Amino acid sequence: MTKKITKEGLYIHIPFCQYICSYCSFCKVFYSKNFVLRYLKSLEIELKKYDSFSFKSIYIGGGTPTSLSLDELTNLFNMIKPYQVKDSYITIESNPDITLDKIKLLKELGVKRVSLGVQTFNQKYLKLIERESSYSKIKELIAAFNDQGINNINIDLIYGFNGQTLDELIEDLKLFASLNVQHISTYCLEVSPSSKLYNQGYEALNEDDEALFYKTIVDYLAKAGFYRYEISNFALHGYESKHNLIYWNNLEYGGVGLGASSYIDKIRYTNTKSLTKYLNNQFDDYKEIVTNDIEKFYEVMLSLRLEHGLDLKKYQNKFHEDFLIAKEDVLRPLINNNELIIEDGYLRLNKDNFFIIDFYLRKLLF
Ligand code: SF4
């Protein structure tokens, strides 16, 4: 047997959900046994494109991967076994309706990290986004994961609901930070035109409020021990998301499933979002050939999202170009003005300017 090439990460998309949330713009469909059966068959065929690879990190996202039955989950994990290294780090996304037998099964199947869609504990906003949950339920669930030995847990927080007050956000932050979790991902609510909430006339937060809410989150979580290592992601030290760091460090990764993307051998692929096409094994939608210039663009755009910023030596080694010299005209005033900072060989945003990263990316990249 030929030796496999080890790659950093593989993303697997499971689009099925038991219920559809009113804000959702992800690639998802209602759970149906018949479609799951056909989907897993197609997924197995698509996976074959990675027969020569094994992956250090495997992330199963959705949709709701835990909407699959015990047998379907077992089937999925058997399918991905050939693509694992000896101790692959497997993360799975879960919703609060996961049952104890599924938690036990996930442990047996080798899951090491769980990302739990909590979003908010405010019942008014849970109703708005058509999800059910409560603080006591989530606390019990986390204890159940911990009992099985799954001790690396992320919870998602959404803010920016129509009419949300700062006090309501702080109440959520208090409850989120009190849970036994190691990682918190935050999202300002965005609704796509295809979502129910959009059609009900949802209005996004104005920019001033969004900035204030974001600053409140950063300050509150820092005091609670969760440091910001990426614009929207907070962790206890040592619990940063290994998988997502693959993306932000601009490394290659595989991706299978509906709407999944991948970056292998200097090509970024995006899969079809049409379930009909996917079930007919027409996987690709489009691909982008990553030229040297495009790769530089990704390198800067992704790494400036990280608290430590762009590794200047890595950039030089990779592109045979000094970024500080290449962009001197644009960089000099921003550095003089303390908006961008050079520290320990990295170029990073001033910590207060993360919220307006797009402004700096436009200056640096266009
Ligand atoms: S938000 Fe998550 S659980 Fe809700 S419909 Fe979308 S993918 Fe499914």
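The basis for the numbers below is simple: all heavy atoms, side chains too, and nothing from hydrogens, waters or symmetry mates. Counting convention: from 1, in listed order, for ligands and their atoms alike. None of these values were measured; they are calculated from a predicted model.
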Requested in this report: Before accepting this row, confirm whether a basic side-chain N of the pair K137/E140 lies closer than 4.0 Å to the acidic partner's carboxylate O.
Outcome: no

Query raised in the report: At a 4.0 Å threshold, what atoms of ligand 1 neighbour a non-hydrogen atom of R131?
Result: 3 (S), 4 (Fe)

Query raised in the report: So, E93 and Y59: side-chain donor and acceptor under 3.5 Å apart, yes or no?
Result: yes

Report task. Could you give me a count of protein N/O/S atoms that are under 2.8 Å from atom 8 (Fe) of ligand 1? Result -> 1

Query raised in the report: E132 and Y19: side-chain donor and acceptor closer than 3.5 Å?
Result: no

Requested in this report: Can you spot which of F234, Y239, Y229 makes a ring-ring contact (aromatic ring centres under 6.0 Å, His included) with H183?
Outcome: Y229

Requested in this report: Identify, by atom number and element, the atoms of ligand 1 in contact range of Y23, meaning under 4.0 Å from any of its heavy atoms.
Outcome: 1 (S)

Query raised in the report: Does the side chain of S185 come under 3.5 Å of the side chain of N233 through a donor N or O and an acceptor N or O?
Result: yes

Report task. Go through E307 and R348 one step at a time and tell me if the salt bridge (charged side-chain N to carboxylate O under 4.0 Å, His left out) criterion holds. Result -> CA-CA 7 Å; E307 190 89 0; R348 65 169 172 83; over 6 Å; no

Query raised in the report: With under 30° as parallel and over 60° as perpendicular, where do the rings of Y247 and H243 fit, or are they tilted in between?
Result: perpendicular

